[in-house]
Each structure stands twice: as structure tokens, then as C-alpha cells.
Student: 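One structure follows; several queries about it will come next.
A, B, ... follow the sequence lines: proteins, then strands. Residue 1 opens every chain. Quick caveat: nothing in here was measured; it's all calculated off a predicted structure.
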Amino acid sequence: MSIRRESLTTRLLKHGYLWLVLAVTFLPFYVMLVVAFKTNSQFFAHPFVFTFPFHWENWKTGWDAVGVHIANSVFLAVTATVISLIISVMASYVFGRYRIPFGDVFWMAILILLLMPGIANLIPLFNLMKELHMLNSLVALSIVGASGGQIICLYVLRNFIEDMPKEFFECARIDGASHLQQIVHVVIPQTGGIISTLAILQFVGQWNSFILPLIVLRDPSKLPLAVALYRLQGAYTKQWGPLMAAYFISAVPLIILFAFTMRFFIRGISEGAIKG
Amino acid sequence: MARERVRLSQIRVYWPLYLIILPSVFLIFLFMYFPALSGTVFSFFRWNGDELATYINVRNYQLAFTDPKLGRAFVIVGILFVAALFQMIPSIVTAVVIHRISSDKWRYWYRLLFVVPMVVPAMVGLLIWRFFYDPVVGLLNSFLMSTGLLSILADINKYLVDAGFGSHIVFKAGQPPSWLGDPNLVLPALIIYGFPWIGIIGVLIYLSGLEKIPSSVYECAELDGVGWLGKFFYIELPLIATQVRVNLVLMIIGVLQGYWLILVLLGDSGGPGGAAMVPGLYMYHNAFIEREAGYACAIGIILFVIILILTGINNKYVRVEK
């Protein structure tokens with residue numbers, strides 16, 4: 001970007017700054033890894049360097065503590081992501097292509113929600129779920145999560161569909177494609193990149209959801225990861241090794257997800273999935 | 001693409017369109033608008049969160065405006081909000097530094113590396129921080145004590161107290177401070193939390209703005225002899241004003257809704273002496289501990305109005321310079 005060749009010092013300064021910041025950002029990883037192999041006596045003697053022998057059994061204990069909750073969270077996040085994307089792709093097709101009577105009223109109702117914080121809703125939402133007998137159910141939680149999560153998807157997708165060339169749809173329609181077929185064969189292939197970025201955002205959002213599951217779920221075996229870890233740290237205070245191993249294991253599903261999708265994600269956000 | 005107009009008379013052909021938007025619209029009205037409305041209604045009731053509800057008109061709101069605890073909660077969240085404004089700086093600086101790296105390959109790699117910490121669940125990140133704050137085994141105190149910073153802090157503390165700027169001896173040499181247990185240290189601990197305060201989504205949003213700056217702008221600046229600091233203040237900062245605004249909105253909502261963080265770090269009464277009782281947590285506390293759900297709804301509505309006003313001010317006064 002610059003026309004002049006920059007000096008070595010400037011370059012060193014820039015890279016040095018970034019590496020310094022990265023080092024601090026990665027500190028939690030380091031701490032988790034180091035402590036996860038320790039017994040408590042090793043931990044109190046040398047807390048933040050590797051000590052031998054490694055205690056691999058900590059990982060077994062850690063897995064036993066969080067395994068089922070990882071499964072719950074995967075279920076919750078996958079269902080909520082899939083539901084929110086299906087319904088928002090369908091609705092944005094209509095909002096982006098047609099001006100139907102009362103359509104703009106619905107659209108305004110959706111846009112206002114972009115600004116409305118969930119905070120005012122929490123208690124009445126809990127009450128509503130109680131009335132509908134939706135407490136203590138992961139499926140219910142994922143539906144509620146999807147209804148909130150779809151709003152940002154609707155906003156982003158509608159803008160994209162509105163900018164798509166009209167000819168795509170005209171051709172499909174002449175070939176006799178129904179609305180649903182147009183969504184599947186025209187909209188989804190064209191917006192694939194943006195859909196995957198939104199999917200990751202939804203997944204991470206659900207993965208980290210805490211307050212609603214905390215107040216809605218009663219059954220300990222149904223708790224998603226965040227709530228389970230919150231409860232666990234009270235029970236395990238004295239066993240740092242297995243606790244840190246459990247923390248590290250909790251990051252694995254997202255490591256797998258990001259290993260495959262990081263490129264889309266960075267490109268999607270950088271190219272303005274979220275416009276100003 | 002101009003949208004196709006469907007007239008009311010054509011509805012017999014186009015009615016399936018309503019079917020397609022139905023799931024979306026139905027869920028929004030059921031799980032977002034209905035609770036919002038019923039919350040507004042319940043804010044005029046004394047309600048225990050169950051069957052028992054008595055209409056008390058605006059008494060919840062009167063109570064809210066005279067409740068010293070709520071007033072204090074707003075002061076505390078105000079302090080956190082000001083801190084959060086400063087905490088936006090590292091993300092902006094990091095985005096600009098990444099943008100100014102001249103090699104395409106490295107620019108890409110830095111983005112990748114900064115995204116990696118996103119894999120840690122938010123709760124794990126928080127619990128690790130809680131562990132950092134631990135007075136005996138925590139990393140923060142080990143760092144302060146092994147570097148001798150603690151005795152320096154103790155000296156400064158003693159000097160300030162002697163000079164009359166405050167009356168609390170918080171740091172004593174050789175005695176590990178209890179970050180989450182000392183009412184005087186809770187707020188500093190919450191402000192340190194998340195150091196170095198890099199939000200990767202924020203950085204990516206800034207980068208998306210920075211990348212739209214044409215290189216001719218930089219060339220002109222170089223010909224005029226503008227230095228690196230000048231480029232930041234005259235080119236980069238004004239041209240990413242839109243992105244700053246987006247991140248500011250996200251930050252406002254994040255600070256006011258981020259009470260779960262305090263719930264995990266300090267418990268549902270806001271830590272020692274309620275030193276970190278923020279409005280969101282106060283609402284939660286009233287609803288689920290004190291069983292005053294009507295009052296909690298009123299607090300929720302007040303918070304909602306405040307967020308609307310703040311985002312409104314943001315959109316009006318943080319103008320984009322074209």
C-alpha cells in the first residue's frame with residue numbers, strides 16, 4: 001500500500017506489536033495446557049511451567065465431567081443455527097424480491113428488533129416458556145434461540161438478495177420453478193458464502209449462550225456447556241488439573257468448526273457481511 | 001434490483017409468499033414481541049413471577065427512580081462504560097497495524113491468528129480470568145509479586161493516602177491483594193478483565209473499512225509528507241467512522257447486557273458489598289432471588305429505553321465524514 005520502501009525498524013515495530021498482543025491473547029491457552037497435566041501438588045510447586053511426569057488421567061476425568069454437556073451444546077447450537085437459517089433464507093427471499101401488501105410493516109417490526117436488547121425480555125420470556133410448558137427442554141431452547149438469532153440473518157440476507165440480478169429469478173420462473181425451488185436453486189447457491197459466515201456467527205452465539213439456559217433448564221444432564229462449566233467450577237475448586245483439561249476439551253468442537261470454515265468466515269466479515 | 005410490486009388484487013396468485021415468511025414472522029411475534037409487551041404490562045404490577053400479581057400503577061417506576069441501589073448500579077455501569085470506550089482503542093490500533101503490514105501473506109496470517117482465540121468458549125475464558133484473579137494461585141498476583149510491582153503499588157497507595165487522595169490501603173507489600181474479594185478492587189478487576197481487550201469481530205469490521213481506502217489517498221499523503229501518526233488521524237480514523245459507529249453500538253449493548261460476566265465472577269449479589277451490582281444484574285437479582293418480577297420488568301424497560309437513547313445519540317452525533 002505504500003509507495004516508499006519502509007525501513008526495517010518500522011516493520012519490526014509493527015510485527016513486534018502484533019506478536020506481543022497475540023502472546024497475551026494466547027496466554028489462556030498456555031495456562032490451560034500447562035495446568036491440565038498437573039496434580040495439585042505439582043501445581044502448587046510450579047504453577048505455570050510444564051512439570052514431569054505428565055498426568056494424562058486428568059483428561060479422562062475432564063472428559064467425564066463435560067462430555068455430555070458438549071453433546072448438549074452441539075445439539076443446541078446445530079438445531080438453532082439450522083432453524084434460524086432456513087426460516088431467514090425463506091423470509092428474506094420474499095422481503096428481498098417482492099413488495100407484498102403489509103410486507104413493509106413486518107419488515108419494520110423486524111428492523112426494530114435489531115436495536116431491541118434481549119435484556120428487557122428475559123423475565124417475561126421465561127414466564128412465557130413456563131406457560132407453554134417449554135421449560136427444561138433443549139428443543140424449546142433452540143427454537144427460542146433461533147427466533148432471536150434469525151434477525152441479523154434476515155437483515156444481511158435481504159440486502160444481498162435485493163442486490164442479485166433479476167434475470168436469475170426470471171429464468172428460473174420461466175422454467176417453471178416454484179418459490180421454494182427458486183430459493184433452493186437460485187438463492188442458496190448465490191448467497192452460499194454469506195450463509196456460511198452467518199451460520200458460524202449463529203453457532204458461536206448459541207455455543208456461548210448462558211443466561212437463558214441457566215434459568216430455563218433444571219435437569220443437570222441437559223445443561224449445555226456454559227452452564228455446566230459454571231456449576232463445575234464450584235465442585236472442582238481443589239482439582240485444577242482435571243478442571244483445566246475440561247476447559248481445554250470444551251474448545252475442541254469450535255477448533256474443528258473453525259479449522260474448516262475460518263477462510264469463509266474471515267472473508268465474509270471482511271467483505272462486509274455486517275455493513276455499517 | 002427493484003422489488004416486484006404485488007397488489008392486493010393479485011393476492012390469489014401470490015398468497016404462498018405469506019406462507020414462506022410465516023415461520024419467521026410467527027417466531028418473532030411469539031418470542032420477541034409478545035414477551036416485550038407482557039413485560040411492559042407486568043411492569044405495572046407487583047408480581048412474584050408466578051400467579052400472584054396486583055396492579056399498582058406506576059409504583060414500580062417511582063420505586064426505580066428513588067431506589068438508591070439502582071442509582072448506584074447506574075453509576076457503576078457508567079464507570080464500566082467509560083472504561084469500555086478506552087478499551088476500544090486497542091482493537092482500532094491493531095486493525096490499523098494489520099492494515100499497514102505491507103505483505104499480503106502476513107496480513108492474512110495475522111487475521112487468522114487473531115480469530116483463533118474465538119474457539120475458546122466465552123465461559124471458559126471468563127473462568128480462566130477468575131482463576132487469574134485468585135489471590136493465592138492466580139497469575140495476576142504471581143506476576144505482581146515476582147516483578148516487585150506489588151511493592152511499588154503499595155508505595156504509591158501509601159503515598160496517595162498520606163497525601164489525602166483517598167483513605168483505603170488496598171495494596172500492602174508482601175500481602176497478595178484479593179481482587180474479587182475486596183470491595184475497593186472489584187471495579188479495577190472488572191476493568192482489567194479481558195486485557196488486551198481485542199475483540200476480533202471488531203477488528204475484522206474495522207479492517208473491512210480500512211480496505212476500502214484507495215491507495216491514491218495514501219500516495220497524496222506521502223507526497224505531502226504526512227507522518228504515520230498524521231495518516232492515522234487524517235486518513236484512517238475519519239474513513240472508518242462508520243465502522244467505529246457499528247462497534248460503538250455493539251459495545252453499548254454489550255456493556256448493558258454483559259451482567260452475566262459479573263454474575264459468574266462475583267455471584268448474584270454483585271460481589272463484596274455489592275460493589276459491582278450493575279442494573280442488569282440488579283434486574284436478575286430482583287426477578288429470581290427477591291421474587292419481585294414486576295419491579296424487575298420495570299428495570300428491564302428502563303434499560304431498554306436507555307439503550308435506545310444511547311444508540312440514537314450515537315447515530316446522530318457520531319457522524320460519518322465523507
Student: Parallel, tilted or perpendicular, judged at 30° and 60°: which one describes the rings of H15(A) and W106(B)?
Tutor: perpendicular

Student: For the interface with chain B, which of L128(A), L22(A), I87(A) has the highest count of heavy-atom pairs at distances below 4.5 Å?
Tutor: L22(A)

Student: Can you name the closest pair of heavy atoms from Y230(A) and L127(B) and give their distance?
Tutor: N-CD1, 4.4 Å

Student: How close do S147(A) and M32(B) get, heavy atom to heavy atom, and via which atoms?
Tutor: O-SD, 3.8 Å

Student: Quick check against the 3.5 Å criterion: does Y33(B) have a side-chain atom that pairs as donor or acceptor with the backbone of A109(A)?
Tutor: yes

Student: Chain B heavy atoms under 4.5 Å from F26(A): which part of the residue, side chain, backbone, both or neither?
Tutor: side chain

Student: Check the pair F114(B), L18(A) against side chain to side chain contact (heavy atoms under 4.5 Å, CB included), reporting the backbone distance first and the verdict last.
Tutor: CA-CA 9 Å; F114(B) 273 101; L18(A) 289 174; 4.0 Å; yes

Student: Take the angle between the ring planes of W260(B) and F210(A) and call it parallel below 30°, perpendicular above 60°, tilted in between.
Tutor: tilted

Student: Start with the C-alpha gap between F42(B) and I123(A), add the side-chain angles, then the distance that decides, and say whether side chain to side chain contact (heavy atoms under 4.5 Å, CB included) holds.
Tutor: CA-CA 10 Å; F42(B) 275 120; I123(A) 291 139; over 6 Å; no

Student: Are any side-chain N or O atoms of N208(A) and backbone N or O atoms of P121(B), one a donor and one an acceptor, separated by less than 3.5 Å?
Tutor: no

Student: Can you tell which of A146(A), S250(A), S88(A) has the highest number of heavy-atom pairs within less than 4.5 Å of chain B?
Tutor: S250(A)

Student: Quick check for you: among V25(B), N247(B), T94(B), I198(B), which has the greatest number of heavy-atom pairs under 4.5 Å with chain A?
Tutor: T94(B)

Student: Between H179(A) and Y14(B), what is the ring plane arrangement, given parallel below 30°, perpendicular above 60°, and tilted in between?
Tutor: tilted

Student: So which residue, I299(B), D134(B), I20(B), L204(B), ends up with the most heavy-atom pairs under 4.5 Å with chain A?
Tutor: I20(B)

